[in-house]
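Below is one structure, written out as structure tokens, with a few remarks after it.
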Amino acid sequence: MTSVACHSHRRLFRGGNVFWEEWAPHGGLAHERQRPVVLVHGLTDTCRTWNKIAPALARDRRLYALDLPGHGQSSRYDASYDVSWYASLVVEWIRSLGLSDFDLIGHSLGGGIAMHVLLEQPGRVHRLALVAAGGLGLEVAAPLRLASSMGLLDLAAPMLMGIGTNAGVRVLGGNFDETERKHLIEMNARPGTARALFRTLRNAVDLRGQREHLLDHAYRLRELPPLAVYWGDKDPVIPVKHAEQVHHYLDGAIVRRFQNVGHYPHREAVPEILSELFRFLDEPQRTPRVRPGARPPRAPEEARPSLWRRLAGARLAEVE
């Protein structure tokens, strides 16, 4: 069995640092028989979220898992933190790695970012796997919808962010052990994290739910890469019905549900999702097609900020 090595890196981007971990089989290129994989974590998480599946996936390929800006050990930029902004920085980071083609896996917010990376790197993403991803439906947990509208997160003290993280991982699950919980609490208690979280939510979610959908942008692509969607049927953050609806608008996508699993299938259903991922990443797959007449759950004008929100955003920009 090929052994695996993990190394940490940090690089300057746009005046701040981006941190990532790189997994690869010992022996270098001789053992890297498959395309590299880029992994993008979710909101208030870090690259360590992948540590239960990365060692197995990296036995015959190289993996790159970053801490998104505003998260983990990466910088807390003074930026918009909308999905497009995240994606543009991720694309810049991918280019710096010299990856001409790769497979892409995104969890939750990272799934929505991965869809935008696909738009910016057409033809380079060979497989796209979405794990309990944003951007595939309207509904999202009520606390996130309220937080996006009330603006209280922007005022949250670092200590409160740490307390909230501790409570959140215990409620949401994810099989985080004590060391991993302490790491998340420490990372999310860093100054600037609350601001990044609020700005992310403000741009991605409103009281009605998620603003963007895959179908808002799919028309810009000549064709989609093979696509797999993985979901836990007990997800308390984004309902599993978003996975069930994929076949209504995409023909040829792979959809897999995991029983008695929550928002972290890559941590709660490790053997099952690894089996699915190996099959999806390594075997020939169909090219999915958007079904004729498919429409996103909200019209583009509905997804735009209201006049009140636009004025509030303008006021915030003046203050900043």
Compare all side-chain heavy atoms of [X] with those of [Y] and state whether any distance is below 4.5 angstrom.
| X | Y | result |
| --- | --- | --- |
| F13 | S96 | yes |
| N175 | K52 | yes |
| E276 | L274 | no |
| K234 | N260 | yes |
| L128 | P226 | no |
| L43 | L201 | yes |
| I53 | R267 | no |
| V18 | D67 | no |

Which atoms form the tightest heavy-atom contact between [X] and [Y], and what is the distance?
| X | Y | result |
| --- | --- | --- |
| Q210 | G134 | OE1-CA, 3.3 Å |
| C47 | A65 | CB-O, 3.4 Å |
| G232 | P265 | N-CG, 3.7 Å |
| L277 | A129 | CD2-CB, 4.1 Å |
| A58 | P25 | O-CD, 3.0 Å |
| D103 | R127 | OD1-N, 3.1 Å |

With ring-ring contact (aromatic ring centres under 6.0 Å, His included) as the test, would you mind laying out the steps for H213 and Y249 before giving the verdict?
-> CA-CA 11 Å; H213 191 276; Y249 54 85; 5.0 Å; yes
Is [Y] reachable from [X] through a run of hydrophobic residues whose side-chain heavy atoms are each under 4.5 Å from the next?
| X | Y | result |
| --- | --- | --- |
| L99 | L281 | no |
| V117 | L63 | no |
| L138 | L214 | no |
| I238 | M115 | yes |
| V125 | Y230 | no |

Closer than 3.5 angstrom, by distance alone: can the side chain of [X] be matched with the main-chain N or O of [Y] as a donor-acceptor pair?
| X | Y | value |
| --- | --- | --- |
| H71 | P69 | yes |
| E268 | V261 | no |
| R291 | H247 | yes |
| R199 | S80 | no |
| D60 | Q34 | no |

For the atom pair [atom1] ([X]) and [atom2] ([Y]), what is the distance rounded to the nearest 0.5 Å?
| X | Y | atom1 | atom2 | result |
| --- | --- | --- | --- | --- |
| S84 | E212 | OG | CD | 6.0 Å |
| H7 | W23 | NE2 | CH2 | 10.5 Å |
| L119 | S88 | CG | OG | 12.5 Å |
| L184 | T179 | CG | OG1 | 11.5 Å |
| E21 | L66 | CD | CG | 10.5 Å |
| S75 | L12 | OG | CG | 8.0 Å |

Below 6.0 angstrom between ring centroids: does that apply to Y64 and H9?
-> no
Applying side-chain contact (heavy atoms from CB on, under 4.5 Å), name anything that partners [X], two or more places apart in sequence or on another chain.
| X | value |
| --- | --- |
| R95 | V91, Q121 |
| V83 | L109, I113, H116 |
| R257 | D233, V240, E244 |

Apply side-chain contact (heavy atoms from CB on, under 4.5 Å) to Q285 and F280, showing your working.
-> CA-CA 7 Å; Q285 303 293 341; F280 173 65; 4.0 Å; yes
Passes side-chain contact (heavy atoms from CB on, under 4.5 Å), T46 versus F19? Steps please.
-> CA-CA 10 Å; T46 75; F19 174 88; over 6 Å; no
Full working for salt bridge (charged side-chain N to carboxylate O under 4.0 Å, His left out) between E272 and R256 | CA-CA 10 Å; E272 295 85 351; R256 297 288 184 267; over 6 Å; no
Take F176 and Y264 through the test ring-ring contact (aromatic ring centres under 6.0 Å, His included) and record every step on the way to the result.
-> CA-CA 10 Å; F176 293 101; Y264 297 86; 5.4 Å; yes
Over 12 non-hydrogen atoms of neighbours within 6.0 angstrom of CD in E283 = yes
If the threshold is 4.0 Å, N to carboxylate O, is there a salt bridge linking [X] and [Y]?
| X | Y | result |
| --- | --- | --- |
| D251 | R286 | yes |
| E32 | R62 | yes |
| R48 | E180 | no |
| D282 | R33 | no |
| D206 | R145 | no |

Do H263 and S108 meet the criterion of a side-chain donor-acceptor pair at a distance under 3.5 Å?
->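 Yes - a donor-acceptor pair under 3.5 Å links their side chains.
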Answer with yes or no whether the side chains of T193 and R76 bring together a donor and an acceptor at under 3.5 Å.
->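 Per modelled atom types, R76 and T193 side chains form a pair under 3.5 Å.
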side-chain hydrogen bond (donor to acceptor under 3.5 Å, both in side chains) partner of T200, the single match among W85, Y86, Y81 =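 Result for side-chain hydrogen bond (donor to acceptor under 3.5 Å, both in side chains) with T200: Y86.
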May I have the step-by-step check of side-chain contact (heavy atoms from CB on, under 4.5 Å) for R211 and N203, ending in yes or no?
-> CA-CA 8 Å; R211 293 179 178 276; N203 286 289; 5.8 Å; no
Within 45° cone of Y77 ring axis and under 6.0 Å: R14 NZ or CZ |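 No, R14 does not sit over the ring of Y77.
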Test applied, side chain to side chain contact (heavy atoms under 4.5 Å, CB included); reference residue, L227; option that passes from L118, L130, I254 =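 Testing L227 for a side chain to side chain contact (heavy atoms under 4.5 Å, CB included) against L118, L130, I254 leaves exactly one candidate, L130.
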Tell me, with the steps shown, if W50 and H266 meet ring-ring contact (aromatic ring centres under 6.0 Å, His included).
-> CA-CA 7 Å; W50 305 107; H266 56 293; 4.7 Å; yes
Evaluate the side-chain contact (heavy atoms from CB on, under 4.5 Å) criterion for residues W231 and L136: first the C-alpha distance (whole Å), next the side-chain angles of each, then the deciding distance (0.1 Å), finally the verdict.
-> CA-CA 12 Å; W231 227 286; L136 295 177; 3.8 Å; yes
